[in-house]
Chemist: 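Have a look at the structure that comes next, please.
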Amino acid sequence: MDFNEKVYRLCSQIPLGRVSTYKLIAQKMSSKAYRAVGQALKHNPNPPIIPCHRVVESSGDLGGFGGKLRSQKKIRLLKGEGVEIKGNKIVDFKNKLYRFK
DNA sequence: AGTCGAGCGCGCA
DNA sequence: TGCGCGCTCGACT
């Protein structure tokens with residue numbers, strides 16, 4: 001089980017209308033390589049299977065794909081899934097946060 | 001309170 | 001082999 005495979009697995013476990021954070025994912029795999037998680041998702045080998053756009057920063061911000069990158073469409077898609085986004089922040093982030101039980 | 005720097009793991013040059 | 005990244009947190013200001 002490679003590092004990024006775990007990441008992919010966890011991401012795919014995120015229910016519809018929920019989001020998660022890099023930190024939680026890293027902690028779930030007993031690592032503190034938060035950035036590595038982001039990189040793994042960035043390289044994302046299975047776009048349709050892995051909802052990388054549901055993974056955001058722990059502060060509730062979208063992260064790199066929201067404000068910095070031009071991936072505004074992902075936000076649009078995310079909204080369509082039930083995750084409301086205001087600017088580059090997630091509305092009721094804590095409420096929608098999925099903790100990988 | 002806000003800013004700065006370090007540290008993790010993987011991918012690419 | 002070395003550096004950067006879709007980040008996070010602790011320490012200092």
Side-chain angles (χ1 to χ4, degrees):
Chain A
M1 194 60 120
D2 287 283
F3 183 89
N4 57 9
E5 280 195 40
K6 292 179 185 175
V7 176
Y8 305 146
R9 190 76 64 102
L10 289 168
C11 287
S12 57
Q13 283 170 23
I14 301 175
L16 190 71
R18 285 290 134 88
V19 294
S20 188
T21 71
Y22 303 99
K23 182 185 138 196
L24 285 179
I25 294 173
Q27 285 189 350
K28 187 61 186 168
M29 57 177 66
S30 304
S31 256
K32 51 181 179 128
Y34 324 101
R35 308 180 68 192
V37 176
Q39 289 314 297
L41 290 176
K42 178 167 79 171
H43 299 138
N44 196 1
N46 299 54
I49 304 177
I50 303 167
C52 41
H53 51 276
R54 286 184 199 155
V55 183
V56 296
E57 296 187 12
S58 59
S59 13
D61 296 4
L62 289 179
F65 43 73
K68 298 174 184 176
L69 300 188
R70 303 289 162 82
S71 308
Q72 195 80 22
K73 297 187 176 183
K74 287 186 177 180
I75 300 176
R76 215 38 109 149
L77 181 60
L78 211 48
K79 282 183 159 188
E81 293 178 346
V83 182
E84 294 181 54
I85 298 175
K86 201 70 174 180
N88 63 336
K89 301 266 171 70
I90 293 183
V91 180
D92 285 335
F93 167 69
K94 292 168 293 188
N95 191 34
K96 298 180 185 303
L97 183 60
Y98 180 67
R99 309 196 183 226
F100 294 110
K101 295 189 290 280

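The model shown is predicted, which means the values in this text are computed figures rather than measured ones. Letters A, B, ... mirror the listed sequences (proteins, then strands); counts begin at 1.
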Chemist: Check this for me: does the side-chain of A:Gln39 come within 3.5 Å of the base of C:dC5 through a donor and an acceptor?
Modeler: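 Per atom types, the contact qualifies.
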
Chemist: A:Lys23 has an atom NZ; how far is it from atom P of B:dG7, in whole Å?
Modeler: 19 Å

Chemist: For A:Glu84, is the CD atom crowded, meaning more than 12 foreign heavy atoms sit under 6.0 Å from it?
Modeler: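 No.
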
Chemist: Would you say A:Ser58 reaches C:dT8's phosphate, i.e. side-chain N/O to OP1/OP2 under 4.0 Å?
Modeler: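 A:Ser58 to C:dT8 OP1/OP2: side-chain N or O found under 4.0 Å.
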
Chemist: For the C1' atoms, the ones on B:dA6 and on C:dC3, what distance do you get once it is rounded to whole angstrom?
Modeler: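 It comes out at 15 Å once rounded to the nearest Å.
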
Chemist: Would you call A:Met29 and A:Ile25 a side-chain contact if the rule is heavy atoms closer than 4.5 Å?
Modeler: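 Yes, their side chains come closer than 4.5 Å.
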
Chemist: Hey, does the side-chain of A:Arg35 have a donor or acceptor N/O within less than 3.5 Å of a partner on the base of C:dG4?
Modeler: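 No, no donor-acceptor pair under 3.5 Å.
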
Chemist: Nearest to the side chain of A:Asn4 - B:dG11, C:dG6, C:dC7?
Modeler: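 My answer, after comparing the listed nucleotides, is B:dG11.
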
Chemist: Roughly, in whole Å, what's the span from CZ in A:Phe3 to P in C:dC7?
Modeler: 14 Å

Chemist: What integer distance in Å separates A:Leu10:CG from B:dG9:C1'?
Modeler: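 Taking atom C1' of B:dG9 as the reference, CG of A:Leu10 is at 15 Å.
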
Chemist: Counting N and O atoms only, with roles assigned by atom type, does the side chain of A:Asp61 sit under 3.5 Å from a partner on the main chain of A:Gly63, one being a donor and the other an acceptor?
Modeler: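 Looks like no, no N/O pair under 3.5 Å.
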
Chemist: From C:dT8, B:dG9, C:dG6, pick the nucleotide closest to the side chain of A:Cys52?
Modeler: C:dG6

Chemist: Taking atom C1' of B:dC10 as reference, at what distance in whole Å does atom NZ of A:Lys6 sit?
Modeler: 13 Å

Chemist: Looking at the side chain of A:Ala33, which of C:dT8, C:dG6, B:dG9 is the nearest nucleotide?
Modeler: B:dG9

Chemist: Would you say A:Tyr98's side chain and A:Cys11's backbone share a donor-acceptor pair under 3.5 angstrom?
Modeler: no

Chemist: According to side chain to side chain contact (heavy atoms under 4.5 Å, CB included), who are the partners of A:Leu77, at least two apart in sequence or on a separate chain?
Modeler: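 A:Leu77: side chain to side chain contact (heavy atoms under 4.5 Å, CB included) contacts with A:His53, A:Glu81.
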
Chemist: Looking at A:Tyr22 and C:dG6, is any side-chain donor or acceptor paired with a base atom of the opposite kind under 3.5 Å?
Modeler: yes

Chemist: Could you please name the partner base of C:dC7, counting Watson-Crick and G-U wobble pairs only when both distances are under 3.5 Å?
Modeler: B:dG7

Chemist: Would you kindly give the CG-to-P distance between A:Leu24 and C:dC7, to the nearest whole Å?
Modeler: 15 Å

Chemist: For a quick check of understanding: with a heavy-atom distance under 4.0 Å over all strands, which category does A:Val55 fall into, base, sugar-phosphate or nothing?
Modeler: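 Counting heavy atoms under 4.0 Å across all strands, the contact made by A:Val55 includes a base.
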
Chemist: Rounded to the nearest angstrom, tell me the gap between atom CD in A:Gln27 and atom C1' in B:dG9.
Modeler: 16 Å

Chemist: Both A:Tyr34 and A:Asp2 contact DNA chain B. Taking the nearest nucleotide for each, which residue is further toward the 5' end?
Modeler: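 Comparing both residues, the 5'-ward one is A:Tyr34.
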
Chemist: Please state whether the phosphate of B:dG9, meaning OP1 or OP2, lies under 4.0 angstrom from any side-chain nitrogen or oxygen of A:Lys32.
Modeler: no

Chemist: Between C1' on B:dG9 and CD1 on A:Ile25, what's the gap in Å once rounded to a whole number?
Modeler: 14 Å

Chemist: With rounding to the nearest 0.5 Å, note down the distance linking CG in A:Asn95 to CG in A:Leu97.
Modeler: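 So the gap between those two atoms works out to 9.5 Å.
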
Chemist: Without decimals, in angstroms, what is the distance between A:Lys42 NZ and B:dG9 P?
Modeler: 18 Å

Chemist: Among the nucleotides C:dC9, B:dG7, C:dG6, which one has an atom lying closest to any side-chain atom of A:Leu41?
Modeler: C:dG6

